[in-house]
2 protein chains.
Amino acid sequence: MAAQLDDLDRKILVELQADAEQSLDEIARKVGSSKTPVWNRIRRMKEQGVITRQTAILDAESLGLEACFFVLIRTSEHEADWQRKFLKTLRERPEVLEAHRLAGDIDYILKVRVKNARAYDTFYQALISEVKIYNVTALLSMEEIKATTVLPV
Amino acid sequence: MAAQLDDLDRKILVELQADAEQSLDEIARKVGSSKTPVWNRIRRMKEQGVITRQTAILDAESLGLEACFFVLIRTSEHEADWQRKFLKTLRERPEVLEAHRLAGDIDYILKVRVKNARAYDTFYQALISEVKIYNVTALLSMEEIKATTVLPV
DNA sequence: ACTGAAATAAGTACTCC
DNA sequence: GGAGTACTTATTTCAGT
């Protein structure tokens, strides 16, 4: 699954993660190469799935999404049918930004972005009405210390 | 802090979040407008900070980052000096993708992406050697069910 | 694989409505 | 505030090394 990447590829990825709006010329200059090889490598990395997509990152506060919760979920149900329904709900709800199935004591963790605590409660009520959940702990974020999409390459 | 956005602004944000590589013409067509207003609105939203930046999203697996941990941290220290050092450490470490200060029982939550469990342990040892921490629980992700940068607009 | 240049397409700015 | 258009700049392709 891990792609073969050389130093030049990695330098290009650093630049694209920092700012995907830079022109090819600019990226080429920064990584010490020229347009064509940079372009060919970007194309190859897109084909290989190393570069998934290019997106605009928005400021949650500006959109009025001022509350962020991490939700720890324990469940008693582990049947295929229950899980399918649960996962479907998570994928469909736009306020769920992340969802992971965990090893150990806690079964799932979610990251949920909403307008305020009331909106979280609405989400929570909807979630537990759709699927049976044994135990839920919501952790309220007071301060986003760091949030980056930049992976170390 | 919340910006005033109309329907057209929101439609543009939907498109930019879905795929920031689309041309202005394409976005204009999809949102039912023309180049000039779309361009002016994008520029305005960048100035206002609604659009933070544009970035390439990479596939963690392709980069060999196969392990993801959520780290719950309790601390006995709440002095300004300790906190400054702790936050500095988190911001400097590229494997820490997210860090939030929480309300309640648990003080901090981190999202950490590393190559494997051994790499996590290296990170953990480095962290606790730099700052005094009362209690740490690491939750290992078995499966990334959902991970999106798309905010509901 | 990289260089350089040519062809195509997109971004930017201006005028008019 | 939006449409149309002219101008500038970037992306993409291709021949040559």
Side-chain angles (χ1 to χ4, degrees), chain A residues 1-65 148-153, chain B residues 1-59 61-64 148-153:
Chain A
M1 195 73 194
Q4 254 105 28
L5 303 172
D6 65 13
D7 276 5
L8 186 52
D9 290 327
R10 287 173 201 281
K11 282 183 191 168
I12 293 168
L13 292 178
V14 167
E15 291 306 322
L16 285 178
Q17 287 194 107
D19 179 8
E21 282 187 298
Q22 297 176 90
S23 73
L24 272 178
D25 276 323
E26 217 168 334
I27 296 170
R29 190 177 46 76
K30 286 190 188 170
V31 302
S33 182
S34 62
K35 249 162 45 171
T36 313
V38 171
W39 190 77
N40 283 326
R41 282 156 184 268
I42 291 174
R43 191 166 49 98
R44 202 198 64 231
M45 291 191 283
K46 280 179 183 167
E47 279 165 10
Q48 288 179 328
V50 178
I51 300 170
T52 307
R53 59 193 232 286
Q54 208 164 295
T55 191
I57 303 294
L58 309 187
D59 177 56
E61 308 274 321
S62 299
L63 297 171
L65 299 169
T148 183
T149 58
V150 177
L151 299 177
V153 294
Chain B
M1 195 72 195
Q4 254 106 27
L5 303 172
D6 64 14
D7 275 4
L8 186 51
D9 290 326
R10 287 173 200 281
K11 281 184 191 166
I12 293 168
L13 292 178
V14 168
E15 292 305 323
L16 285 178
Q17 287 195 108
D19 179 7
E21 282 186 298
Q22 297 175 91
S23 72
L24 274 178
D25 279 323
E26 215 168 334
I27 296 171
R29 191 178 45 78
K30 287 190 188 170
V31 303
S33 182
S34 64
K35 243 157 72 159
T36 312
V38 171
W39 190 75
N40 284 326
R41 281 155 183 268
I42 291 175
R43 192 164 49 97
R44 200 198 67 230
M45 290 191 284
K46 280 179 183 167
E47 279 165 9
Q48 288 179 328
V50 177
I51 300 170
T52 307
R53 58 192 232 287
Q54 208 163 295
T55 191
I57 302 294
L58 308 186
D59 177 57
E61 308 275 320
S62 298
L63 298 171
T148 183
T149 57
V150 176
L151 300 177
V153 295

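Excluded from the calculations below are hydrogen atoms, water molecules and symmetry mates; all remaining heavy atoms, backbone and side chain alike, are included. A note on names: the letters A, B, ... follow the listed sequences, proteins ahead of strands, and every chain is numbered from 1.
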Margin query: Restricting to side chain to side chain contact (heavy atoms under 4.5 Å, CB included), what partner residues turn up for Lys11(A), sequence neighbours left out?
Written below: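 Partners of Lys11(A) under the side chain to side chain contact (heavy atoms under 4.5 Å, CB included) test: Val31(A).
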Next item on the list: Just jot down the side chain to side chain contact (heavy atoms under 4.5 Å, CB included) partners of Glu21(B), sequence neighbours excluded, or say none.
Entry: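 So Glu21(B) forms a side chain to side chain contact (heavy atoms under 4.5 Å, CB included) with Lys46(A), Gln54(A), Asp19(B).
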Item checked: Counterpart residues, salt bridge (charged side-chain N to carboxylate O under 4.0 Å, His left out), relative to Arg10(A) (two or more places apart) ->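 Partners of Arg10(A) under the salt bridge (charged side-chain N to carboxylate O under 4.0 Å, His left out) test: none.
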Notebook entry, point to check: Got a sec, which residues hit salt bridge (charged side-chain N to carboxylate O under 4.0 Å, His left out) with Asp7(B), two or more places apart in sequence or on another chain?
Noted result: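 Partners of Asp7(B) under the salt bridge (charged side-chain N to carboxylate O under 4.0 Å, His left out) test: none.
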Checklist line | Start and end of the DNA chain C segment that chain B contacts, any atom under 4.0 Å from a heavy atom | finding: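 Contact span on the strand: dA10(C) to dC14(C).
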Check: Which residues in residues 8-18 of chain A have at least one heavy atom lying under 4.0 Å from any atom of DNA chain C?
Finding: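 Those residues whose heavy atoms fall under 4.0 Å from DNA chain C, taken from residues 8-18 of chain A, amount to none.
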List the residues meeting side-chain hydrogen bond (donor to acceptor under 3.5 Å, both in side chains) with [X], not counting sequence neighbours, and say none if there are none.
X         : value
Arg29(A)  : none
Thr149(A) : Arg53(B)
Ser34(A)  : none
Ser62(A)  : Asp59(A)

Note to self: Using a 4.0 Å heavy-atom cut-off, does Pro37(B) contact any base of the nucleic acid, only the sugar-phosphate backbone, or nothing at all?
What the structure shows: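 Pro37(B): backbone/sugar contact only, no base atoms under 4.0 Å.
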Next item on the list: In whole angstrom, give the distance that lies between atom CZ of Arg41(B) and atom P of dA3(D).
Entry: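 It works out to 10 Å between those atoms.
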Check: Can you give one letter per nucleotide of nucleotides 11-17 of chain D, going 5' to 3': B for a protein heavy atom under 4.0 Å from the base, S for sugar-phosphate only, - for none?
Finding: BBBB---
